[in-house]
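Taking it in order: structure first as structure tokens, then the write-up.
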Amino acid sequence: MKLMILDKGAIAPMVSALRADYRVIGPQARGPQFAFGLITDPAQLRLDYNTTILPPKKVLQPQQERLASFNRRERRVEPVIEAAPVVLLGVHTCDLHAFQLLDKAFSADYPDAHYLERRRQTVIISLECLEPCDEHSFCKSMGTLTADTGYDLHLTDLGAAYAVDVATETGRQILTRYATVREANEADVRRLNEVLSAKWPRFTYRLDFDAASLPALLSTAYHHPVWEELGERCLACGSCTNVCPTCYCFNVFDEVDMQLTEGTRWRCWDSCQLDEFARVAGGENFRHARAARQRHRFMRKGKYLYERFGELGCVGCGRCIRACVAKISIVDGFNAIHRSA
């Protein structure tokens, strides 16, 4: 695929054209913060955003979704898959890496038809990060500061225009049908190389060690005293997992009418940090202590998911650090374990 150039003035017409055939979802201002939402006016799109409150994961795995409808009298159960063509615009590279993990999780063993159908109908136009989102970002430490897969089109800001890496046939068709672009020339390529080279010194490593050693490091830390310290501080609110781009745990519940005849089965996000998450029949709770729940979160991010899917469960976006009212930092936790190893 060729490298193309998209003038910034052509973004608004492209978004308007896309809206005729797709739901266009991108970053928008929400007061001083940003959130992914439906674009109804190209002026809403903010490709200059730092990070979003919730990750774009919510487009593929909604916070609450219908799974099935049922009628007891008719002995009928019908799946409900709510999916429509979507262009997801402005995804940062850390969230691209999170999508790769989610793709594996929802495809393994028992493929999830709801996630996979939305994934099939989603066009991803991602965005190269040239500045850290803020002091909590540690994407460079996690190897997610850039990406070479997982998108259809990838934009890099060159100043007056975007360099567009066309990665898939779908991406090529999007540009052909909805955008006005030109092929990159030698000057464009030089400018792209300058921009990419200049960005790396702006990002700092925040882990004191190579993230590739996280699984081995955590394998010896099950009884580490840091878990008790974190458990004392944790409020068990679940904010950290609610904003995480790689958490995919969910709960399932039914809503039934007053006659107990018809109903809907729903799925919603859940959190391993909540007290009732690990409570089972008979009232037993196999992770009743907050320290145990914090340990599980750290282990899942740095060890369990890697062992299961070959991908670390943390992409360094820093959302959990920003959201934690108790000021618990996953970076500080990992570094504390490393220092005592």
Side-chain angles (χ1 to χ4, degrees), residues 6 8 11 15 24-30 32-39 44-61 86-103 119 122-159 162-168 171 192 195-196 198-207 211 240 242-248 301 311-323 330-331:
L6 174 66
K8 287 188 173 178
I11 290 286
V15 171
V24 180
I25 296 176
Q28 305 175 30
R30 293 288 188 270
Q33 302 185 79
F34 297 91
F36 278 95
L38 183 66
I39 301 295
Q44 296 172 309
L45 183 66
R46 290 289 302 272
L47 293 181
D48 60 340
Y49 78 107
N50 48 17
T51 188
T52 53
I53 304 166
L54 293 180
K57 169 190 76 173
K58 67 180 185 178
V59 176
L60 300 181
Q61 186 195 5
V86 169
V87 170
L88 185 51
L89 180 56
V91 178
H92 283 175
T93 55
C94 59
D95 288 324
L96 280 180
H97 283 268
F99 280 155
Q100 293 180 42
L101 175 60
L102 294 179
D103 288 350
R119 186 70 172 90
T122 299
V123 178
I124 295 180
I125 302 178
S126 52
L127 183 66
E128 188 78 6
C129 296
L130 301 180
E131 301 277 353
C133 292
D134 61 19
E135 71 276 12
H136 300 304
S137 303
F138 59 107
C139 47
K140 188 173 182 178
S141 291
M142 303 309 296
T144 62
L145 182 50
T146 191
D148 57 10
T149 187
Y151 54 82
D152 297 288
L153 298 170
H154 186 66
L155 308 181
T156 302
D157 191 342
L158 302 183
Y162 290 102
V164 185
D165 177 17
V166 185
T168 67
L192 175 61
V195 166
L196 294 179
K199 86 169 203 171
W200 289 93
R202 301 184 187 123
F203 293 79
T204 58
Y205 290 105
R206 296 192 58 216
L207 291 182
C240 54
N242 283 337
V243 300
C244 178
T246 65
C247 281
Y248 55 87
K301 298 304 164 190
E311 303 272 357
L312 289 172
C314 177
V315 295
C317 68
R319 288 186 178 96
C320 61
I321 306 173
R322 298 180 196 97
I330 194 169
V331 172

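From a predicted model like this one, the values you see are computed outputs, not experimental measurements. Side-chain atoms are counted along with the backbone in the values below, which use heavy atoms only and exclude waters and symmetry mates.
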Inter- and intrachain pairs under side-chain hydrogen bond (donor to acceptor under 3.5 Å, both in side chains), touching residues 146-159, at least two apart: Lys8-Asp157, Ser126-His154, Glu128-Thr146, Glu128-His154, Tyr151-Asp165, Asp152-Thr168
Any chance you could measure Met142, atom CE, to Ser137, atom OG, to the nearest 0.5 Å? 13.0 Å
May I have the step-by-step check of side-chain contact (heavy atoms from CB on, under 4.5 Å) for Phe203 and Cys139, ending in yes or no? CA-CA 8 Å; Phe203 293 79; Cys139 47; 4.0 Å; yes
In this structure, CD1 of Ile125 is separated from OH of Tyr162 (nearest 0.5 Å) by 11.5 Å
How close do Ala163 and Leu192 get, counting heavy atoms only, and between which atoms? CB-CD1, 4.1 Å
Rounding to 0.5 Å, atoms CD (Gln61) and CZ (Arg119) come to a distance of 13.5 Å
If you apply the rule side-chain contact (heavy atoms from CB on, under 4.5 Å), what do you find for Val166 with Leu153, and how did you get there? CA-CA 5 Å; Val166 185; Leu153 298 170; 3.9 Å; yes
For Ala147, does its backbone N or O pair with a side-chain atom of Thr93 as donor and acceptor, under 3.5 Å? no
Partners meeting ring pair (Phe, Tyr, Trp, His ring centres under 6.0 Å) with Tyr248 (sequence neighbours left out): Phe106
Write down the atom of Leu96, the atom of Gly150, and the distance for their closest heavy-atom approach. CD2-O, 3.5 Å
Got Cys317 and Pro55 here, is their nearest side-chain heavy-atom distance under 4.5 Å? no
Determine the minimum heavy-atom distance between His92 and Asn50, stating which atoms define it. CE1-O, 2.8 Å
Return the minimal non-hydrogen interatomic distance between Thr51 and Phe34, and the atom names on each side. O-CB, 3.5 Å
Tell me whether Arg202 contacts the main-chain N or O of Leu130 through its side chain, where contact means a donor paired with an acceptor under 3.5 Å. yes
Mutual orientation of the aromatic rings belonging to Phe36 and Tyr49 [parallel < 30°, tilted 30-60°, perpendicular > 60°]: perpendicular
Please check if the side chain of Gln28 supplies one atom and the backbone of Gly37 the other of a donor-acceptor pair under 3.5 Å. yes
Min side-chain heavy-atom separation Leu312-His97 under 4.5 Å: no
Output for pair (Arg206 CZ, Lys140 NZ), nearest 0.5 Å, gives 13.0 Å
Checking side-chain polar atoms at under 3.5 Å, does Thr52 have a donor or acceptor matched by the opposite partner on Arg30? no
Quick check for you: to the nearest 0.5 Å, what is the distance between Ile330 atom CD1 and His136 atom NE2? 13.5 Å
Scan Val243, Val331, Asp134 and name whichever one has a side chain to side chain contact (heavy atoms under 4.5 Å, CB included) with Ile321. Val331
Kindly indicate, with the supporting measurements, whether the criterion side-chain contact (heavy atoms from CB on, under 4.5 Å) is fulfilled by Val15 and Ile39. CA-CA 8 Å; Val15 171; Ile39 301 295; 3.9 Å; yes
Lys301 to Cys247 - nearest heavy-atom pair and separation: NZ-SG, 3.1 Å
Quick one: closest heavy-atom pair of Leu89 and Leu45, and the distance? CD2-CD2, 3.4 Å
Rounded to the nearest 0.5 Å, what's the gap from CZ on Arg319 to OG1 on Thr246? Could you check? 10.5 Å
